[in-house]
Amino acid sequence: IETIVGAAPQLLILAGQSGNVRSRADLVQHHPALASLTHTDVVWASTNALLCPGPWSAAEAVTFADLGRRARALARQTLAK
């Protein structure tokens with residue numbers, strides 16, 4: 001968590017759905033320190049198709065490319081302020 005907050009990435013993709021904790025491992029994604037990432041585009045996305053890569057994973061590339069473009073646009077807006 002400290003490394004993520006310190007790096008303040010443009011985009012942070014969390015696996016699953018916001019508020020849905022299925023295991024103790026998911027708890028880290030709900031850590032209150034992540035709220036300090038005010039200039040980070042924090043999004044929730046299903047990563048199930050990436051668990052066992054194959055042709056079906058290619059569709060996820062479009063989703064992640066779109067998220068990357070959105071994060072870069074938000075970063076440019078932040079820098080322009």
Side-chain angles (χ1 to χ4, degrees):
I1 294 295
E2 292 171 355
T3 301
I4 293 170
V5 171
Q10 291 177 356
L11 174 63
L12 178 59
I13 300 172
L14 303 173
Q17 296 176 339
S18 177
N20 186 9
V21 179
R22 297 176 304 215
S23 69
R24 288 182 188 241
D26 287 344
L27 289 174
V28 71
Q29 298 182 125
H30 300 277
H31 196 285
L34 296 177
S36 70
L37 296 172
T38 57
H39 298 293
T40 298
D41 190 9
V42 180
V43 297
W44 290 86
S46 174
T47 56
N48 290 345
L50 304 177
L51 295 176
C52 184
W56 50 86
S57 301
E60 296 304 317
V62 174
T63 299
F64 292 121
D66 289 343
L67 291 172
R69 278 191 288 279
R70 186 173 95 181
R72 283 190 298 278
L74 288 172
R76 282 193 295 271
Q77 289 175 359
T78 301
L79 291 174
K81 290 181 181 180

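For this chain, numbers begin at 1 and follow the sequence in order.
For residues 55-67, every residue pair satisfying the salt bridge (Lys or Arg N to Asp or Glu O under 4.0 Å) rule, not counting sequence neighbours, is listed here: D66-R69. Every pair tested for ring pair (Phe, Tyr, Trp, His ring centres under 6.0 Å) that includes a residue from residues 9-29 fails, sequence neighbours excluded, so the list is empty. Residue pairs meeting the ring pair (Phe, Tyr, Trp, His ring centres under 6.0 Å) criterion with at least one partner in residues 3-44, sequence neighbours excluded, are H30-W44. The list of salt bridge (Lys or Arg N to Asp or Glu O under 4.0 Å) pairs with a residue in residues 3-15, not counting sequence neighbours, is empty.
Looking at residues two or more places apart in sequence or on another chain, you find a side-chain contact (heavy atoms from CB on, under 4.5 Å) between V43 and L11, I13, D41, L67, R70.
A15 approaches Q29 most closely through the heavy-atom pair N-OE1, 2.8 Å. Considering all non-hydrogen atoms of both residues, L37 and P9 come closest at CD2-CD, 4.5 Å. Between A33 and V5 the shortest heavy-atom distance is O-CG2, 3.7 Å.
Between V42 and L34, every side-chain heavy-atom pair lies at or beyond the 4.5 Å cut-off.
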Under 3.5 Å, which donor-acceptor pairs link side chains of residues 47-56 to any protein atom two or more places apart or in another chain?
| from | atom 1 | to | atom 2 | distance (Å) |
| --- | --- | --- | --- | --- |
| W56 | NE1 | C52 | O | 2.8 |

